[in-house]
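Just the heavy atoms: all of them, side chains too, but no hydrogens, waters or symmetry mates, feed the values below.
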There are 2 protein chains.
Amino acid sequence: MAIPVETFFLSPDGEGTLQARIQQMIAEGILSGRFNKGEKLPSSRKLAAHLGVSRITVTLAYTELQANDYLTSRDRSGFFVSDNAPEPPDFPLRQARQDGIDWSRALGRRYTGGATPEKPQNWAAFPYPFIYGQTDPKLFDHANWRHCALRALGQKDFRALTSDYYDQDDPKLVEFILRHTLPRRGILAEPDEILVTMGAQNALWLTAQVLLTQRRTAVIEDPCFHALRDILMQSRCHLTAVPVDSDGLPPEALPDRADVIFTTPSHQSPTNATMPLERRNALLAKARDMDALIVEDDYEFEMSFLRAPSPALKSLDQDGRVIYVGSFSKSIFPGLRLGYMVGPRPFIREARALRTSVLRHPPGHMQRTAAYFLSLGHYDALIRRTGQVYARRRSHMVEALTQHGLDIEGTGIFGGSSIWMRAPEGVDTAELDASLRQQGVLIEPGKPFFHRPDPPSNYYRLAYSSIPSERIRDGIAILARQLRQAASPGAT
Amino acid sequence: MAIPVETFFLSPDGEGTLQARIQQMIAEGILSGRFNKGEKLPSSRKLAAHLGVSRITVTLAYTELQANDYLTSRDRSGFFVSDNAPEPPDFPLRQARQDGIDWSRALGRRYTGGATPEKPQNWAAFPYPFIYGQTDPKLFDHANWRHCALRALGQKDFRALTSDYYDQDDPKLVEFILRHTLPRRGILAEPDEILVTMGAQNALWLTAQVLLTQRRTAVIEDPCFHALRDILMQSRCHLTAVPVDSDGLPPEALPDRADVIFTTPSHQSPTNATMPLERRNALLAKARDMDALIVEDDYEFEMSFLRAPSPALKSLDQDGRVIYVGSFSKSIFPGLRLGYMVGPRPFIREARALRTSVLRHPPGHMQRTAAYFLSLGHYDALIRRTGQVYARRRSHMVEALTQHGLDIEGTGIFGGSSIWMRAPEGVDTAELDASLRQQGVLIEPGKPFFHRPDPPSNYYRLAYSSIPSERIRDGIAILARQLRQAASPGAT
């Protein structure tokens, strides 16, 4: 590969002769790893014209670098980075810029330090990855996704691919969601009551920015999705966490005053509890009394392989009080970054304006590809196939967990992709996770999900969305052994 | 197409017999446009099982709907929406939900009402679109983009396509930017000094959130990119606008105190002025005196077809004071939504944490496709080809504008894609735009770019990025005629 002439710049504050400065520039490019062995340098004519120096200066610099083994020349084809050139050092070569900025002052606001734990990027290398929310390559319909992407790359869809949509969404995707996705949740909506987002994460974030301020109060479930907590902590609103029970969020435990209630009624995250119909009605009535809005995160309703999901809370909403959040990032793949929200027009209008300011719109190509994948029926087939596999895995999980006498805290009556677990009192599942990793097992410690002064350390989540059925038994056996050891450190 | 059984829900608060409620549900589906003519209904067995009612109830409902011409039956293949079914009305049929929410109170913050004007989505239907920032289908290298996207959809890149990157970027894209893009601007950086964003818009937005608060002051150029103004207005920082001259932002006109200076030194937006080297050094010195940071939006440096661009302001930065913003959305296509920023680690770390909270990461597939398009050399070829065409268009523009005696305010010495224009005093270019649209000409009124008490109405921008060379002459002729008429409404 040739090194483009445009990447050469003489430092304006350089010292020494022109020739020396050119040599230094090239040597630094090699030593910093920017120019690789075997790469071709621009011709002396080209580089001279680009730098505005005489050609002989460049030729002299090249020849000198050749003598020093930085470059080699090949007959008539010019100069190349030599195979014997000095290796780039492991430490950063470039004189670190003197940092003239007091960053503790310059940063207006901090966003680091949230509760969301880092998951290992190399989770697929673990033999027993009980990890949540990642794509199983064996289940995903790669061939048809590719086919749809290809179609979305065609001439007919050129505008959908390339255009700046400003604040708009792909009309094909919106139509499909309105006609086929939302009715499954009992929701009827018009196009201006829906906004396409960069996954559910982005939908929850937009919601928080539009509805909350430092003077307002949000209610979250305890435990809850840690990324939601991070979003709300950053918004600096008042935060009240209400402990959930086996039926999800109890309306009677809500505070007297709150502005927005974030809830996961169909499938509590992370406990998997499903809120019964009476409680949903009671929650709506209570919210009406409080004059509060409700944000319903309906994640994973697609994974209802054991029985049909109950209609969404939004379908019972008579006041336009519920904002509904759905996602394709979980059911298709997380790297897709596509979700949506449904709510009353005045809300969607503000959320759309904010999204435009933050990022304009999710890439047209991703929206159009998803629209094809959905409308050609591949999505439904994927969900069915995934559901069958998850059902099998889940029964293996429950069987193995029961056999080893481990405490299941919540499984989810409809299905889902994970089980919420409780270890014996005194076991710290973060430590458990650390020892299990060395044995190839990945679990999710439960502490980051809690929002209370003294969060329990003995909960954990086991997902079956990424682990093959035949590995489950062995993985749970290792977990059980490690748990016994953790519970009574003296024995073995 | 068959209507999936899962989209049928009996409203929980419905009245009448079960059969009547089923009929009503289906009739509403047809009248609301959700069920289309010719679509197949689920079998009575399936629908009965799904709703938990007896099969005969469904059969009776279907038969009744058939008698009313909503449905037809075809021998042995079931029921379909009849071709004679009532048409969905034009007005919304569904009883609008009683809106029990006082949205003037419920909205915590407003984001609508910004200065960014709406551009017509159908700009390509205009014969003379002097419109900025849209993709010209004749110039874009669709075939090679498709080729790269296909490669990024392959088995080898499955992880890059599907994975949740959490807070990471595509390493291939980052490497290319570091090794090939930034050196062209005289910038050397390490991987943790760069963040991939959803276009320059997203980069500017993240920057504002990390650096500004209600107690801090930002400086913008006047005129400037209107979306930047919207971003800063929403951040509710103090805003000082400094009028630019023909060399861009004058450092001596800066206020005594400011925290962040937003500037476009290489190519002032929208006037196209290029800041000379001495002024760049003076700007950096002044910022050092003020202890202010500088955000350099280096949009469109790729479009330097007349002469090589001067190195970025960032390349002169000795303090780590400059945050550099670049974009591929302009040079590849706006629907791509990919840009990047380069800055000191403490800043990039916070911006990354915020991006993760807002949207996690730009879709892996878009990042990987761009990485291939860049590294296979298609990008450089596209830029070269585009530059040649723009150079031709630009000379046609200048020729036609000069011939008609129109006032050119700024052309950009390196190239670019637009010309900043001044109409005679008293001409309102918003009105001019409205009359020109009726004659097939699209221009951009200049008023939304200004940030001062009494913004001038007689500026406008003419872009040549989307109009074919052979249309330029006629388009400018129409513009000139209309301008003459606007300047002296009595005459013709």
Side-chain angles (χ1 to χ4, degrees), chain A residues 6-7 9 34 94 97-101 103 106-112 134-135 137 146 149 153 158 161-164 179-180 183-184 186 188 198 201-202 205 210-213 216 230-231 234 293 311 318-321 333-337 346 349-350 353-354 357-360 363-364 366, chain B residues 6-7 9 34 94 97-101 103 106-112 134-135 137 146 149 153 158 161-164 179-180 183-184 186 188 198 201-202 205 210-213 216 230-231 234 293 311 318-321 333-337 346 349-350 353-354 357-360 363-364 366:
Chain A
E6 294 86 355
T7 64
F9 267 107
R34 279 202 301 129
R94 168 173 63 105
R97 288 273 160 91
Q98 182 194 337
D99 203 332
I101 307 297
W103 284 101
L107 297 172
R109 296 199 45 194
R110 307 273 177 156
Y111 300 93
T112 47
Q134 293 297 334
T135 308
R146 209 158 174 249
L153 285 162
F158 182 79
L161 170 71
T162 60
S163 283
D164 193 338
R179 284 196 58 204
H180 294 272
R184 294 178 187 218
L188 295 181
M198 301 286 297
Q201 173 97 26
N202 186 228
W205 183 88
V210 171
L211 299 179
L212 292 165
T213 66
R216 301 203 173 186
D230 284 350
I231 287 170
Q234 286 175 8
L293 299 172
Q318 296 294 313
D319 307 334
R321 182 177 305 285
F333 54 79
L336 179 61
R337 312 303 318 129
R349 203 152 43 221
E350 295 301 323
L354 175 58
S357 197
V358 173
L359 58 87
R360 297 218 181 165
M366 302 310 287
Chain B
E6 294 87 356
T7 63
F9 267 107
R34 281 203 300 130
R94 170 175 62 108
R97 287 270 161 92
Q98 184 194 334
D99 203 333
I101 309 297
W103 285 100
L107 296 171
R109 295 199 45 194
R110 306 275 175 153
Y111 300 93
T112 48
Q134 293 297 335
T135 309
R146 208 159 175 249
L153 286 162
F158 182 78
L161 170 70
T162 61
S163 283
D164 193 337
R179 284 197 57 205
H180 294 273
R184 294 181 186 217
L188 295 182
M198 302 283 298
Q201 172 96 25
N202 186 226
W205 184 88
V210 170
L211 300 179
L212 292 164
T213 65
R216 301 204 171 185
D230 285 349
I231 286 170
Q234 286 174 10
L293 299 172
Q318 296 295 315
D319 307 334
R321 182 176 305 286
F333 54 79
L336 179 60
R337 311 304 317 129
R349 203 151 46 222
E350 296 301 322
L354 175 58
S357 197
V358 173
L359 58 87
R360 295 213 184 172
M366 303 309 287

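When heavy atoms are compared at a cutoff of 4.5 Å, F333(B) approaches chain A by way of both its backbone and its side chain. Contacts of R321(B) with chain A are made by both backbone and side-chain atoms, with heavy-atom separations under 4.5 Å. With a 4.5 Å cut-off on non-hydrogen atoms, R184(A) touches chain B through its backbone and its side chain both. Heavy atoms of E350(A) lying under 4.5 Å from chain B belong to its backbone as well as its side chain. Both the backbone and the side chain of I231(A) come within contact range of chain B, each with at least one heavy atom under 4.5 Å from a heavy atom of that chain. With a threshold of 4.5 angstrom between heavy atoms, T112(A) approaches chain B through its backbone and through its side chain. Q201(A) touches chain B through backbone and side chain together, each having a heavy atom under 4.5 Å away.
Listed here is the closest heavy atom pair of W103(A) and G320(B): CZ2-O, 3.7 Å. The shortest heavy-atom contact between L359(B) and M198(B) is CD2-CG, 3.7 Å.
Of the listed residues (R110(B), R179(B), Q134(B), R146(B)), the one with the most heavy-atom contacts under 4.5 Å to chain A is R179(B). No other option in T162(B), L293(B), L161(B), D230(B) has as many heavy-atom pairs under 4.5 Å with chain A as T162(B). With chain A as partner, the option from R34(B), Q234(B), R109(B) having the largest number of non-hydrogen pairs under 4.5 angstrom is R34(B). Contact tally against chain A (heavy-atom pairs below 4.5 Å) for S357(B), A106(B), A149(B), G364(B): the top residue is S357(B). Annotation: maximal heavy-atom pairing with chain A below 4.5 Å, among T213(B), N202(B), L354(B), L212(B), occurs at L354(B).
One distance of note links CZ of R360(A) with CG of D164(A); it measures 4.5 Å at 0.5 Å rounding. In this structure, the separation between CG on L336(A) and CE on M366(A) is 5.0 Å, given to the nearest 0.5 Å.
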